[in-house]
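The next block holds one structure in the form of structure tokens; read it before the comments.
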Amino acid sequence: MRAAVIVLPGSNREQDTKYILRDLLNIETDLLWYKETNLSLYDLIVVPGGFAYGDYLRAGAIARFAPAVQVLGDYVVAKKGWVLGICNGFQILTEAGLLPGALARNEQKKFVCKRVKLRVENTETAFTQFFEPNEIVELPVAHAEGRYFDTPEAIAKLKRNQQILLTYVDENPNGSVGAIAGITNELRNVFGLMPHPEHNCETLLGSGAGLRFFQSLVHSREAVHG
Amino acid sequence: MSKTAKEYLVKILIEPKPELLDPQGHAVEIAMHELGLATARETRVGKLVKYKTLALSETEARQKAIEIANQLLINPIIEVYAIEVDAL
């Protein structure tokens, strides 16, 4: 397995993500400069957290035109591998049209930085297969624009297709419709989530449950390629 | 005789969709009430993008503005917009 973490101007979680993949899971991992357009080497592309292009205009609005992000569409349609967007990465993937919906400013009028409880709604995906159905996990969130929003019809479609992978439990920290915290696309090879699994991968930082998202992907890669 | 391009000032006014709760607008409205503008209501905080551009006509300047608004400047899932074009 080989992974790439895209580095955009203003990304700031790329080293943390690389550390999880390379140091904890022994995956060959490259930091991929945003001007690169060759994704053919990779089984997993991560769009990391941060404030790409300063989040100017809207979070992800300018980042979606970065060369490395522009070529993600073909990568996804051709099913070359998996794409994981964390926090700002999720915002970028929605702006790029690789995931439905949009992330609006938090309803609570503030930047939210805390640990939240989440329910794993669908464990039948490459990203979540190492979780028990309806398992509750705790991950940190840190964002100002994390309120998932779409039309009622679009939300109904997400539910019908079981594309909602994570929902907030007990407390909805940003006012997301349906308490949605993470979704996948129809092809189930793109996953975007506002919480940070890379910040709860070791027991020093919590339960370590975040690691299982990455382990799920390693297992999926082995299942495909042996 | 060929047409010559003229310069136009384009203003694109962007605001959150009516059905979307606007926390910025809400916070600003509370402050306005506290400062004595008690009747202020439905306060929305949006964005103004304005630029000067060359075009052969006002229609062309407007058409180009619609294109760039939909491509980059607005997200139709959460925002609505209005365009003003003035010849300079």
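Both backbone and side-chain heavy atoms feed into the values below; hydrogens, waters and symmetry mates do not. This is a predicted model, so every value here is computed, not measured. Within every chain, numbering begins at 1; the chains are lettered A, B, ... in the order of the sequence lines, protein sequences first and strands thereafter.
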Which of residues 63-83 of chain A have a heavy atom under 4.5 Å from any heavy atom of chain B? A:Arg64, A:Phe65
Residues B:Leu21 and A:Glu107: closest non-hydrogen pair is CD2-CG, 3.7 Å
Please look at A:Glu95 and chain B and tell me whether the side chain, the backbone, both or neither of the residue comes under 4.5 angstrom of a heavy atom of that chain. side chain
Please test B:Leu20 against A:Arg147 for side chain to side chain contact (heavy atoms under 4.5 Å, CB included), starting from the C-alpha separation and ending with a verdict. CA-CA 10 Å; B:Leu20 194 73; A:Arg147 176 170 37 143; 3.8 Å; yes
Could I get the full list of salt bridge (Lys or Arg N to Asp or Glu O under 4.0 Å) partners for B:Glu29, not counting sequence neighbours? none
Enumerate by number any residue of residues 149-159 of chain A whose heavy atoms lie under 4.5 Å from heavy atoms of chain B; in the absence of such residues, state 'none'. A:Phe149, A:Asp150
Give a yes or no on whether A:Glu124 atom CD has more than 12 heavy-atom contacts from other residues, nucleotides or ligands under 6.0 Å away. no
With only heavy atoms counted, which part of B:Leu73 is less than 4.5 Å from chain A, the side chain, the backbone, both or neither? both
Mind checking whether B:Gln24 and A:Lys109 have side chains closer than 4.5 Å, heavy atoms only? no
Are more than 12 heavy atoms from other residues, nucleotides or ligands located less than 6.0 Å from atom OH of A:Tyr56? no
Residues 50-72 of chain B vs chain A, non-hydrogen distance cutoff under 4.5 Å, contacting residues -> B:Gln71, B:Leu72
Give a yes or no on whether B:Lys17 atom NZ has more than 12 heavy-atom contacts from other residues, nucleotides or ligands under 6.0 Å away. yes
